[in-house]
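Worksheet for the structure shown next.
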Amino acid sequence: MHTLIVKSLCLSLPDGAPLYKDLSFSVAPGDVLVLMGPSGSGKSTLLNWVSGTLGIGFKASGEVWLDNKELTHLPAEKRQLGLVLQQDYLFPHMSVRQNLLFGLRGSTKHERESQVELSLAQAGLQGLGNRDPATLSGGQRARVSLLRSLLSNPCALLLDEPFSRLDTALREQMRSFTWSSAKDLPILLVTHDEADIPENAQVLRLSGNAHAG
């Protein structure tokens, strides 16, 4: 288990306007840090920087670490961070099972397929492995997207408004599923909805030009 650490982040928009200056925080295994703030305060941009997917033109300095391993200059695919977005971005040319197998590495083909079937059952999606993702409901797609991130064995989980496209009943179901599925990981959650905040989570309220220790 690992602690996710951000040190002295300074982040500016492409036009040079500053978003954050000297922003630092850490998230321990099993903890959730919630980033909240108005639209335009840079919450998703901060998540993109942590994940290694920051857009061209943004200017950033600072460091991101997993315990004693620095990730700052590693490409996104080598950071071992799971990223779940508001849009699920499932591969449309793959079945549900193929989407889930995509992130799995190591072990035998049989073991990987068994792992996928077990995860589908645990998520209440048993029997849907051969389905086209386009035929799934919004809640089912959201669960598959989360499973794909978790099956990649991430060291931390980054969530950007993952429940916002779901109706009220599905939101509560997905929240419970997410917190139980990732209970041992450090989680960084971006949301506008106070109801998304799990019990005992830390909340960092951002307004741009933020400074936190």
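Model, not experiment: these values are computed from the prediction.
- Side-chain contact between Leu101 and Lys109: absent, with no pair of heavy atoms (C-beta onward) separated by less than 4.5 Å.
- Membership of an apolar cluster is not assigned to Met1, as no side-chain contact below 4.5 Å to another ILVMFWY residue is traced.
- Judged purely by atom type and a 3.5 angstrom limit, Asp193 uses its side chain to pair as donor or acceptor with the backbone of Ala195.
- Between Arg175 atom CZ and Ser180 atom OG the span is 14.0 Å, to the nearest 0.5 Å.
- Residues Leu120 and Val96 meet the side-chain proximity criterion, which asks for heavy atoms closer than 4.5 Å.
- If you take OG1 on Thr178 and CZ on Arg171, they are separated by 12.5 Å, rounding to the nearest 0.5 Å.
- When every heavy atom of Asp196 is checked against every heavy atom of Leu189, the shortest pair comes out as O-CD2, 3.8 Å.
- Judged by distance alone, the side chain of Arg148 and the main-chain N or O of Asn99 form no donor-acceptor pair under 3.5 Å.
- Checked by atom type and distance alone, the side chain of Thr72 pairs as donor or acceptor with a backbone atom of Val64 at under 3.5 Å.
- Ser119 places a side-chain N or O within 3.5 Å of a backbone atom of Val116 that can act as its donor or acceptor partner.
- Contact of the Lys69 side chain with the Trp65 side chain is not registered, since no non-hydrogen atoms from C-beta on lie closer than 4.5 Å.
- Lys43 contributes no side-chain N or O that, together with a main-chain N or O of Thr191, makes up a donor-acceptor pair within less than 3.5 Å.
- Ile187 places none of its side-chain heavy atoms less than 4.5 Å from the side chain of Asp31.
- Take Phe58 and apply the ring-ring contact (aromatic ring centres under 6.0 Å, His included) test, not counting sequence neighbours, and it matches no residue.
- The shortest side-chain heavy-atom distance between Leu9 and Phe25 does not fall under the 4.5 Å cut-off.
- The CG atom of Leu151 sits 6.0 Å away from the CG atom of Leu100 when rounded to the nearest 0.5 Å.
- Here the side chain of Tyr20 pairs a donor or acceptor atom with the backbone of Ser41 at under 3.5 angstrom.
- Nearest heavy-atom pair across Leu206 and Leu46 is CD1-CD1, 4.2 Å.
- Smallest separation of non-hydrogen atoms from Arg79 and Leu66: O-CD1, 3.7 Å.
- Each of Ile5 and Leu11 belongs to its own hydrophobic cluster when Ile, Leu, Val, Met, Phe, Trp and Tyr are linked at side-chain heavy-atom distances under 4.5 angstrom.
- Taking the side chain as every heavy atom from C-beta outward, Val144 and Asp88 never approach each other to under 4.5 Å.
- A continuous path of hydrophobic side-chain contacts links Leu83 to Tyr89 [ILVMFWY only; heavy atoms under 4.5 Å].
- The nearest pair of heavy atoms linking Val6 to Leu23 is CG1-O, 3.7 Å.
- Judged as a salt bridge (Lys or Arg N to Asp or Glu O under 4.0 Å), and not counting sequence neighbours, the contacts of Glu194 are Arg205.
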_Assess the residue pair Leu150 and Leu185 against the criterion (side-chain contact (heavy atoms from CB on, under 4.5 Å)); give the C-alpha distance rounded to whole Å, side-chain angles, the decisive distance to 0.1 Å, and a yes or no._
CA-CA 10 Å; Leu150 292 174; Leu185 296 177; 4.1 Å; yes

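- Nearest heavy-atom pair, Pro18 versus Ser12, reported as atom, atom and distance to 0.1 Å: CA-OG, 3.8 Å.
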### Task
Start with the C-alpha gap between Val32 and Val27, add the side-chain angles, then the distance that decides, and say whether side-chain contact (heavy atoms from CB on, under 4.5 Å) holds.
CA-CA 7 Å; Val32 180; Val27 192; over 6 Å; no

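- Judged by distance alone, the side chain of Ser95 and the main-chain N or O of Arg131 form no donor-acceptor pair under 3.5 Å.
- In this structure the side chain of His2 never reaches within 4.5 angstrom of the side chain of Gln80, judged on heavy atoms.
- Put simply, OG on Ser181 and CE on Met174 are 8.0 Å apart, with the number rounded to the nearest 0.5 Å.
- At least one donor-acceptor pair closer than 3.5 Å links the side chain of Arg141 to the backbone N or O of Pro133.
- Distance check, rounded to the nearest 0.5 Å: OG of Ser145 to CG of Leu90 gives 5.5 Å.
- Nearest heavy-atom pair across Leu136 and Gln140 is CA-OE1, 3.4 Å.
- By the side chain to side chain donor-acceptor pair (under 3.5 Å) test, Arg97 is found to be paired with Glu117, Asn130, residues two or more places apart in sequence or in another chain being considered.
- Applying the ring pair (Phe, Tyr, Trp, His ring centres under 6.0 Å) test to residues at least two apart or on different chains, the pairs with a partner in residues 101-144 are Phe91-Phe102.
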Return all side-chain donor-acceptor pairs below 3.5 angstrom for residues 154-163, not counting sequence neighbours, or 'none' if the list is empty.
| unit_1 | atom_1 | unit_2 | atom_2 | d |
| --- | --- | --- | --- | --- |
| Asp160 | OD1 | Ser44 | OG | 3.1 |
| Asp160 | OD2 | Ser44 | OG | 2.8 |
| Glu161 | OE2 | His192 | N | 3.2 |
| Glu161 | OE2 | His192 | ND1 | 2.5 |

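- By the 4.5 Å heavy-atom criterion applied to side chains, Leu74 and Leu71 are counted as neighbours.
- From Gln173, atom CD reaches atom CG of Asp167 across 9.5 Å, with rounding to the nearest 0.5 Å.
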Q.
One pair to check against side-chain contact (heavy atoms from CB on, under 4.5 Å): Val203 and Met36. What are the steps and the verdict?
A. CA-CA 7 Å; Val203 179; Met36 300 194 79; 4.1 Å; yes

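- A donor-acceptor pair is defined here as one N or O able to donate and one able to accept, closer than 3.5 Å; no such pair exists between the side chain of Thr53 and the backbone of Trp49.
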